[in-house]
Amino acid sequence: MRSWSMKAMLLFGAVLVVQACGSDEEEVATDLDQSQVVTEIETTDEQGEGEASNQPEEGERSGDVTERELYLMDQYGYVVPRTFRFPPNEEVLKQSLEFMVAEGPVTEHLPSGFQAVLPADTEILGVNITEDGTAVVDFSPSFEEYPREQEEAILQALTWTLTQFENVEQIELQINGHTQENMPQGNTPVQSLTRDIGINLEGYAPVDITASRANTLYFIREQEEDVYFVPVTRRADADDNQALAVVEQLLEGPAIQSNLLTGIRSGVQLIEEPTLEDGVLTLNFNEALLTENSGTAVSEEALTMLTLSLTELEGVNEVSYQVNGTQALNRSNGETLTEPVTRPVMLNRGEF
């Protein structure tokens, strides 16, 4: 198991939760106690044709900008959410997709080693949301001009970017108005794409797929001065306690060949099974969880990985952390953790 280097602690801008009150004042909730500048993208207010009027609500608002995640591809081929600030726009789905086009407006704002996933010159001819929550996206023929080896990454990036909006459950692809049943290069089926397709799938799985479930785990990548969380889909044998399975997978750490890191040190164990009540998942660990400040505090990276991974589970809204039954844990920043931790609204902010 490879641990994340401590020099990256100051770079955890991924986990600031910003809540705007609809006025000039901002309320900043630091559930995971992080803060960093978010990339701001300059866009125009022009509207294209074919966009539906039933657009989803924007993400976090701060003044006259809104925050959204774009799923991009890093130099290792991982599909990763990065948070950007956009000026308000009525066509939020179309605007998001336009900033996923290579050599497009996002180019100058890309973090080092990242690239947009849609082929250059791809046009978004229209986006419409149907009553059942399907986002029907119509691309120009240039969409077909992508490398075969990037096909799965493109589908994952499209699906996870659009389904961040509450009223989008799945996506349907069209090219020049023609509904696609398969992708043009690798023939991958594309009917009704949901997050069930996974993201950054690991190359091994249980023999019996029907008796297993897919979990989304979050590990860490450190690229020069940039530190970010990477979602990985890993299948595991079905377990009566899904939260227990997720924790055990995180304790196993990232795959050796993955180039990913973990913030959870060896020796960490649960001393009882997780319990879920009214959306709050309670975890009780041994003292090995306390790795900071001479073994008296829990690290921010461990809290972040656990919280991101566990709140992917249905019904889990918050995570309460205990060590030997004690909830008032010291944090590495000197504060005391007395309340359950909520998931950050947006991931992987940073100065680019």
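Note that the structure is predicted; figures quoted are calculated from it, not measured.
Listed for the N284 side chain is a donor-acceptor partner under 3.5 Å among the backbone atoms of N324. Here the side chain of T336 pairs no donor or acceptor atom with the backbone of T338 at under 3.5 angstrom. Between the side chain of T83 and the main chain of L347, a donor-acceptor pair closer than 3.5 Å is present. A distance-only check finds no donor-acceptor pair linking the side chain of D226 to the backbone of S112 [under 3.5 Å]. A distance-only check finds no donor-acceptor pair linking the side chain of S309 to the backbone of L306 [under 3.5 Å]. Looking only at distances, no side-chain donor or acceptor of Q156 sits under 3.5 Å from a matching main-chain atom of A153.
Rounding to the nearest 0.5 angstrom, the gap separating the CG atom in N286 from the CD1 atom in I271 is 7.0 Å. Expressed to the nearest 0.5 Å, how far CD1 of I129 lies from CG of D132 amounts to 11.0 Å. Interatomic distance, CZ of R265 versus OG of S299, reported as 5.5 Å (0.5 Å rounding). Summarising the geometry, atom OH belonging to Y218 is positioned 13.0 Å from atom CG belonging to L260; distances are rounded to the nearest 0.5 Å. To the nearest 0.5 Å, atoms CG (N259) and CD1 (I220) are separated by 14.0 Å. A distance of 12.5 Å separates CG of N167 from CD of E131, quoted to the nearest 0.5 Å.
A heavy-atom distance below 4.5 Å is found between the side chains of L97 and L162. Proximity of Q115 to Q150: side-chain heavy atoms (C-beta onward) are separated by under 4.5 Å at one or more points. Residues F219 and N200 fail the side-chain proximity criterion, which asks for heavy atoms closer than 4.5 Å. By the 4.5 Å heavy-atom criterion applied to side chains, V247 and L310 are counted as neighbours. Considering only heavy atoms from C-beta on, P344 comes within 4.5 Å of L308 through its side chain. Contact of the L337 side chain with the L303 side chain is registered, since non-hydrogen atoms from C-beta on lie closer than 4.5 Å.
T163 approaches Q170 most closely through the heavy-atom pair CG2-N, 4.3 Å. In this structure, I154 and V117 approach most closely via the heavy-atom pair CG1-O, 3.4 Å. Shortest non-hydrogen contact noted between L313 and N215 is CD2-OD1, 4.3 Å. Residues V345 and E69 approach most closely at O-OE2, 3.8 Å, considering heavy atoms. Pairing each heavy atom of V190 with each of N182, the nearest pair is CG2-N, 3.7 Å. The heavy-atom pair separating P184 from E144 by the smallest distance is CG-CG, 3.9 Å.
Ring orientation note: the planes of F285 and Y321 are close to parallel, at an angle under 30° on the 30°/60° scale. Using cut-offs of 30° and 60° for the angle between ring planes, the F143 and F139 rings count as parallel.
Within the structure, no pair that satisfies the salt bridge (charged side-chain N to carboxylate O under 4.0 Å, His left out) test touches residues 167-195, not counting sequence neighbours.
In summary, the side chains of D74 and Y228 do present a donor paired with an acceptor at a separation below 3.5 Å, with no hydrogens or angles considered. Using a 3.5 Å distance cut-off with no hydrogens or angles, the side chains of S320 and Q327 do pair a donor with an acceptor.
Each of T216, V246, L217 was evaluated against E312; a single residue qualifies, T216, per the side-chain contact (heavy atoms from CB on, under 4.5 Å) test. Exactly one residue among E151, R148, E152 makes a side chain to side chain donor-acceptor pair (under 3.5 Å) with T188. That residue is E151.
Atom CD of Q191 is surrounded by more than 12 heavy atoms from other residues, nucleotides or ligands within 6.0 Å. The environment of CD in E277 is sparse: at most 12 heavy-atom neighbours from other residues, nucleotides or ligands sit within 6.0 Å. Under a cut-off of 6.0 angstrom, the local environment of CD in E318 is crowded, with over 12 non-hydrogen atoms contributed by other residues, nucleotides or ligands. Within a 6.0 Å radius of CD in Q75, more than 12 heavy atoms belonging to other residues, nucleotides or ligands are found.
Hydrophobic clustering keeps L244 apart from V280 (ILVMFWY residues linked when any side-chain heavy atoms are closer than 4.5 Å, directly or through intermediates). Transitive grouping of hydrophobic side chains (ILVMFWY, heavy atoms separated by less than 4.5 Å) keeps L158 and V136 in distinct clusters.
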Decide side chain to side chain contact (heavy atoms under 4.5 Å, CB included) for L290 and N330; before the verdict, give the C-alpha distance in whole Å, the side-chain angles of both, and the deciding distance to 0.1 Å. CA-CA 8 Å; L290 305 178; N330 293 324; over 6 Å; no
For the pair Y146 and M183, evaluate side chain to side chain contact (heavy atoms under 4.5 Å, CB included) and give the outcome as yes or no after the intermediate values. CA-CA 10 Å; Y146 60 85; M183 286 289 279; 3.4 Å; yes
Please walk me through it: do L93 and F165 pass side chain to side chain contact (heavy atoms under 4.5 Å, CB included)? CA-CA 9 Å; L93 298 184; F165 301 103; 3.3 Å; yes
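Both tests hold for R82 against F114: distance to the six-membered ring centre under 6.0 Å, angle to the ring axis within 45°.
Under the side-chain hydrogen bond (donor to acceptor under 3.5 Å, both in side chains) criterion, D121 pairs with no residue, sequence neighbours left out. When the side-chain hydrogen bond (donor to acceptor under 3.5 Å, both in side chains) test is applied to S96, the partners found at least two apart in sequence or on another chain are R68.
The pair R235-E202 fails the salt-bridge criterion, with no side-chain N (NZ, NE, NH1 or NH2) lying under 4.0 Å from an Asp/Glu carboxylate O.
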